[in-house]
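Accompanying notes for the structure given below.
Counting convention: from 1, in listed order, for ligands and their atoms alike.
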Amino acid sequence: MNYRDVFGEVLADHHESPRNWGLASDSQVRENGFNPLCGDKVTLGLKFRDGQLESCTFEGEGCSICMASASIMTEMVQGQPLSKVSGLIEGFRAKMQGEDRPDVLPADDSSEDIVALYGIKRFPVRIKCALLPWTTLKKGLETHHA
Ligand code: ZN
């Protein structure tokens with residue numbers, strides 16, 4: 001079974017060429033996430049400026065879904081106001097867990113990347129893999145505000 005055939009070109013590409021890989025040395029917050037179901041580990045490096053998430057880098061060790069999700073997430077949230085980042089996190093979580101939150105949902109037409117991630121819903125045991133980077137980012141924002 002070929003990964004490309006099962007999960008599609010977009011996720012395969014992010015898995016093979018992760019964006020924003022490598023923790024920025026001047027990260028202000030480093031946050032670790034762990035998914036015991038699959039063994040996924042992710043570490044995010046976050047930099048903040050003027051109420052925005054200036055940069056979001058990551059490293060990790062985990063399944064292809066988790067790594068692709070982290071790569072897509074970093075691209076979506078970088079340079080965004082923190083309020084919007086929180087909304088994207090909540091919207092993605094809600095979508096993956098089947099809740100109706102159109103108020104905060106990353107729109108289907110916002111990128112083909114997010115649509116590809118939504119497709120992971122077809123594999124319920126992998127939803128936690130896709131969510132891990134996002135829940136880790138949520139914890140990172142809380143650490144920043146603490
Ligand atoms: Zn996983």
Side-chain angles (χ1 to χ4, degrees), residues 1-25 27-48 53-80 82-146:
M1 194 166 71
N2 181 301
Y3 179 77
R4 260 194 159 70
D5 295 339
V6 179
F7 298 114
E9 183 65 31
V10 171
L11 296 186
D13 180 59
H14 274 278
H15 169 53
E16 288 164 12
S17 313
R19 322 298 198 269
N20 303 305
W21 177 269
L23 298 175
S25 57
S27 302
Q28 294 158 320
V29 170
R30 291 203 175 183
E31 198 70 47
N32 297 304
F34 178 55
N35 168 19
L37 291 179
C38 184
D40 302 318
K41 284 183 207 160
V42 64
T43 302
L44 300 179
L46 308 176
K47 258 166 68 179
F48 302 89
L53 181 55
E54 187 180 40
S55 107
C56 178
T57 51
F58 84 103
E59 284 182 1
E61 228 182 79
C63 70
S64 50
I65 300 294
C66 180
M67 295 296 107
S69 180
S71 174
I72 289 169
M73 180 191 78
T74 60
E75 285 205 305
M76 285 189 69
V77 299
Q78 274 199 138
Q80 301 288 351
L82 295 182
S83 56
K84 177 157 185 205
V85 173
S86 296
L88 288 170
I89 295 168
E90 176 60 14
F92 182 70
R93 185 203 60 74
K95 176 87 170 182
M96 296 306 278
Q97 296 183 338
E99 293 170 23
D100 192 22
R101 288 295 306 277
D103 52 322
V104 287
L105 200 62
D108 278 8
D109 58 3
S110 60
S111 78
E112 64 172 352
D113 290 351
I114 197 73
V115 175
L117 272 185
Y118 289 161
I120 297 302
K121 279 181 70 178
R122 289 180 290 133
F123 309 94
V125 295
R126 310 306 292 279
I127 288 175
K128 280 214 157 57
C129 303
L131 280 177
L132 180 67
W134 301 74
T135 54
T136 306
L137 178 58
K138 186 176 178 185
K139 277 199 307 177
L141 297 184
E142 288 163 5
T143 301
H144 172 64
H145 287 305

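- Counting only residues at least two apart or in different chains, salt bridge (Lys or Arg N to Asp or Glu O under 4.0 Å) contacts with residues 6-19 comprise R4-E9, R4-E16, D13-R19.
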Side chains of residues 122-133: which donor-acceptor partners sit under 3.5 Å, not counting sequence neighbours?
unit_1, atom_1, unit_2, atom_2, d
R122, NE, G119, O, 3.2

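- Across V42 and A70, no two heavy atoms sit closer than the pair CG2-CB, 4.5 Å.
- For the atom pair K41 NZ and C66 SG, the distance stands at 11.5 Å (nearest 0.5 Å).
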Exercise answer: donor-acceptor pairs, residues 139-146 side-chain atoms, under 3.5 Å, sequence neighbours excluded:
unit_1, atom_1, unit_2, atom_2, d
K139, NZ, N32, O, 2.8
T143, OG1, E31, OE1, 2.7
T143, OG1, K139, O, 3.0

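- Protein N/O/S atoms found under 2.8 Å from the Zn ion (ligand 1): C38 SG, D40 OD1, D40 OD2, C63 SG, C129 SG.
- Of all heavy-atom pairs between P18 and F58, the closest is CB-CZ, 3.8 Å.
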